[in-house]
Amino acid sequence: MTILPQLTKALTKALSSLGYPEKEIKLSPPNNTNFGDLSTNLPLTLSKNLNKNPIEIGEIIRNALILPDKLIDEVTVTKPGFLNFKIGNAYYYQVLADILSNNQYGKNDFGKGQKANVEFVSANPTGPLNVGHGRNAVLGDTVSNLLEWNGYNVTREYYYNDAGRQMRVLGQSVEARYFEILGKVFDFPEDGYEGNYIKVIAQSLIDTHGDVLSVGDPIFKVEAEKTIFADIEKSLLGLGIKFDQFTNEKTFYENGEIDKFLEELRLKNLIYKKDGATWFRSTALGKDQDRVYIKSSGEPTYRVPDTAYHRDKVKRGFNLIIDVFGADHTDTYPDVLLALEALGIKTNHIRVLLYQFVTLIRGGKKVKMSTRKANFVTIDELVEELGSDVVRYFFIMRGMNSHLNFDLDLATDQSEKNPVYYLQYAHARICNIIKHGEDLDVSNTSDYDSTLLKDPSEMRLLKKLEKFPWIIENALHSLEPQTISNYLHDTANFFHKFYSECRVVTDDISLSEARIALVKGTKVVLGNGLSLLGITAPERM
RNA sequence: GCCCCGGUAGCUCAGCUGGAUAGAGCAACGGAUUUCUAAUCCGUAGGUCACAGGUUCAAAUCCUGUCCGGGGUACCA
């Protein structure tokens with residue numbers, strides 16, 4: 001049993017035995033380790049209720065506390081009113097033993113028996129994936145990993161619109177290039193896709209079908225979609241990302257779900273016609289404007305299939321549904337949820353992760369990315385240049401709410417000293433130490449004497465390892481994977497410091513064995529953390 | 001105009017469910033290698049946490065306003 005719940009319980013008991021009001025008990029490690037390992041501000045928060053000096057309250061609680069044996073070395077009360085606990089080393093030694101007996105250390109059961117769906121990337125197949133999609137892809141995949149680490153059964157899902165304007169224009173673009181290459185009259189669409197890959201697809205159509213294709217042949221669009229999608233899947237695989245399910249918009253037209261959904265809204269008087277278009281009466285549900293559902297051209301806006309799709313996901317019975325969207329969806333997903341709620345569908349298990357845009361900087365200048373204009377840096381280029389590990393770490397180490405300035409030149413220059421290597425190097429170093437120990441026959445970690453671990457750098461590292469499950473649990477609630485990369489960086493840092501302070505394998509066999517145990521424990525944490533982030537943990541570098 | 005995100009060291013960013021002395025990487029400068037990997041470690045320097053109010057015993061963190069940057073506010077997605 002971890003120490004946090006035990007202490008919380010002891011504090012709760014003390015409060016009730018004193019007749020003090022119930023308070024939420026928050027225990028957290030203080031910044032300054034001189035205060036101990038865990039602190040609570042309980043005396044401060046009680047001070048107002050009791051109209052008493054917080055220090056005095058702290059002392060009273062301290063005296064009333066009944067603590068588990070040998071777990072806590074010391075309890076102190078410090079100004080302005082904190083209650084601090086110094087945890088005994090024995091507890092941490094036990095944690096190390098736990099880690100060594102469980103190479104899944106860090107995993108938990110919070111999501112056991114529960115199904116989660118993570119929808120991400122979801123780029124329409126109109127061109128290669130660019131840097132912006134990269135952030136989405138890595139974020140979605142890492143969150144999926146995180147859910148799996150918390151026991152969820154996760155479906156990674158990619159949704160795309162294959163019935164809308166974008167794909168139509170894509171087909172027209174290919175068609176135009178086809179006739180252009182054949183030297184015939186062609187009409188390049190106004191908003192056509194200008195990338196070279198369009199010409200490649202057109203050429204392959206010529207190679208397989210010759211010049212017999214005629215204007216408006218559906219094959220242009222079909223072939224483009226097929227080819228580009230294959231490329232997208234390959235790009236994602238380059239980042240170690242594999243989807244369980246692809247769902248497309250067309251499905252919901254064909255199975256009647258969209259008509260059904262519109263009809264239900266109509267029955268609730270939430271749909272009306274105006275100016276030849278069909279509108280969603282979102283103002284009736286508290287929004288400040290209505291939205292067009294079906295354009296006067298007869299083409300539905302993307303909100304319509306999107307809502308039908310989300311209803312479908314809800315129906316599939318997931319306990320948790322996560323959408324990973326770029327900031328351009330900020331204003332649109334609330335309408336989707338609103339429509340679902342209007343139909344009596346619960347949406348409180350849907351969580352939307354909005355990430356801010358990636359600003360690409362090249363040659364000191366911002367590059368405005370556009371798939372249509374073929375002005376972008378692709379994921380393939382990025383992965384080829386930096387490697388999957390670096391790309392993944394780069395995208396995940398920053399919070400999703402921050403705009404990401406991606407300086408391509410800098411990323412290339414710094415690839416040699418990229419922060420991800422710091423973590424990987426620690427892991428490789430560990431592997432080497434373990435190997436060195438084995439060569440000298442110092443590898444017994446089944447009955448080592450853990451009490452020999454008492455150097456400050458050893459204890460600091462060990463205490464860090466103890467936090468790992470707690471980090472995973474917190475990341476589950478916040479769904480902010482950067483907390484994990486931050487943690488791993490700290491862990492690697494503490495390890496490197498320990499390494500420079502303490503020689504692991506020496507003539508002192510007992511001490512060596514104890515230190516090997518600590519090193520192996522660190523390896524488990526770093527290895528597990530890296531695998532959660534989808535980053536390799538090399539044995540040597 | 002309105003909505004969302006951000007503004008923290010020269011640069012890129014952590015920290016934000018309020019806590020005790022605000023951090024890291026890069027860049028700058030100075031050290032450490034007869035040693036299990038120097039892709040490391042130690043040290044120096046670098047801050048009005050955009051600004052102004054407010055709440056609180058306590059604010060980078062919460063609230064209000066202002067300024068600046070990005071995104072949205074389309075019968076584009």
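In the text below, chain A, chain B and the rest are named by the order of the sequence lines, each starting its count at 1. Below, all heavy atoms of this structure are taken into account, side chains as well, without hydrogens, waters or symmetry copies.
Within the structure, a side-chain polar atom (N or O) of A/Gln289 is placed less than 4.0 Å from OP1 or OP2 of B/A74. Distances shown here put a side-chain N or O of A/Lys295 below 4.0 Å from the OP1 or OP2 atom of B/C76. Regarding contacts with the backbone of B/C75, every side-chain N or O of A/Lys274 stays at 4.0 angstrom or more from both OP1 and OP2. The shortest distance between the side-chain N/O atoms of A/Tyr425 and the OP1/OP2 oxygens of B/A39 is below 4.0 Å. At least one side-chain nitrogen or oxygen of A/Ser402 sits closer than 4.0 Å to the OP1 or OP2 atom of B/A14. Contact check, A/Tyr421 against B/G25: no side-chain N or O comes under 4.0 Å of OP1 or OP2.
Of the possible donor and acceptor atoms, one in the side chain of A/Arg62 sits under 3.5 Å from a partner among the backbone N and O of A/Val75. With hydrogens and angles ignored, the 3.5 Å screen pairs no side-chain donor or acceptor of A/Asn136 with any backbone N or O of A/Phe120.
Distance, A/Leu353 CG to B/C5 C1': 14 Å, rounded to whole Å. Computed from coordinates, the A/Asp162 CG to B/A77 P distance equals 13 Å when rounded to whole Å. Separating the CD1 atom of A/Ile484 from the P atom of B/A14 is a distance of 15 Å, rounded to the nearest angstrom. Between A/Tyr333 atom OH and B/G71 atom P there is a gap of 19 Å when expressed in whole angstrom units. A/Tyr422 has its OH atom 13 Å from the P atom of B/A38, to the nearest Å. In this structure, A/Asp439 places its CG atom 10 Å from C1' of B/C36, rounding to the nearest Å.
Ring to ring, A/His403 and A/Phe357 are not that close: their centroids are 6.0 angstrom or more apart. You'll find the ring centres of A/Tyr425 and A/His496 inside the 6.0 Å limit.
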Considering only nitrogen or oxygen atoms on both sides, find all protein atoms under 3.5 Å from nucleotides 54-57 of chain B and state each distance.
from, atom 1, to, atom 2, distance (Å)
B/C57, OP1, A/Lys48, NZ, 3.1

Under 3.5 Å, N/O pairs linking protein and nucleotides 42-46 of chain B:
from, atom 1, to, atom 2, distance (Å)
B/C42, OP1, A/Lys497, NZ, 3.2

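Rounded to the nearest Å, the gap between the C1' atom of B/U40 and that of B/U21 is 27 Å. For the P atoms, the distance from B/A20 to B/C5 is 25 Å, rounded to whole Å. Spacing between B/G10 and B/A45 at atom C1', rounded to whole Å, works out to 12 Å. Comparing the P positions of B/U35 and B/U17 gives a spacing of 47 Å, expressed to the nearest Å. Taking atom P on both nucleotides, B/A28 is separated from B/G65 by 44 Å, rounded to a whole Å. For the C1' atoms, the distance from B/G53 to B/G15 is 25 Å, rounded to whole Å. A distance of about 50 Å separates the C1' atoms of B/U44 and B/C2, rounded to the whole Å.
Between the side chain of A/Asn41 and the base of B/G19, a donor-acceptor pair under 3.5 Å is found. For a distance-only test at 3.5 Å, the side chain of A/Thr301 fails to qualify as a donor-acceptor partner of the base of B/A74. The base of B/G69 lies close enough to the side chain of A/His403 for a donor and an acceptor atom to sit less than 3.5 Å apart.
Here the closest heavy-atom approach between residue A/Ala308 and residue A/Ile258 is recorded as CB-CG1, 3.8 Å.
Across B/C36, B/U73, B/G19, the shortest atom-to-atom separation from the side chain of A/Asp331 is found for B/U73.
Where stacking is scored as ring centres under 5.5 Å apart with planes under 30°, A/Phe357 does not register as stacked on the base of B/G70.
A/Asp449 and A/Ser510 share no side-chain donor-acceptor pair at under 3.5 Å. A side-chain N or O of A/Thr78 and one of A/Asn84 form a donor-acceptor pair less than 3.5 Å apart. In this model, a donor atom of one side chain and an acceptor atom of the other lie less than 3.5 Å apart for A/His310 and A/Asp323.
Residues A/Asn161 and A/Gln166 are not in side-chain contact: their nearest non-hydrogen atoms beyond the backbone lie 4.5 Å or more apart.
In this structure, A/Asn405 reaches the sugar-phosphate backbone alone: every heavy-atom distance under 4.0 Å involves primed, P, OP1 or OP2 atoms, never a base. Within the nucleic acid shown, A/Gly81 has no heavy atom closer than 4.0 Å to any nucleic acid atom. At a threshold of 4.0 angstrom between heavy atoms, the contacts of A/Gln482 are confined to the sugar-phosphate backbone, with no base atom among them.
Listed by chain and residue number, nothing satisfies the salt bridge (Lys or Arg N to Asp or Glu O under 4.0 Å) test with A/Lys52 (two or more places apart in sequence, or in another chain). Legend: residues meeting salt bridge (Lys or Arg N to Asp or Glu O under 4.0 Å) with A/Asp306, ordered by chain and number and at least two apart, are absent.
Between A/Arg460 and A/Asp490 there is no salt bridge, since none of the side-chain N atoms of the basic residue sits less than 4.0 Å from a carboxylate O of the acidic one. The pair A/Glu473-A/Lys467 fails the salt-bridge criterion, with no side-chain N (NZ, NE, NH1 or NH2) lying under 4.0 Å from an Asp/Glu carboxylate O.
Applying the salt bridge (charged side-chain N to carboxylate O under 4.0 Å, His left out) test to residues at least two apart or on different chains, the pairs with a partner in residues 119-130 of chain A are A/Glu119-A/Lys313.
Base pairing in RNA chain B yields stems of at least 3 consecutive Watson-Crick or G-U pairs, both distances under 3.5 Å, namely B:1-7 with B:67-73, B:10-13 with B:23-26, B:28-32 with B:40-44, B:50-54 with B:62-66.
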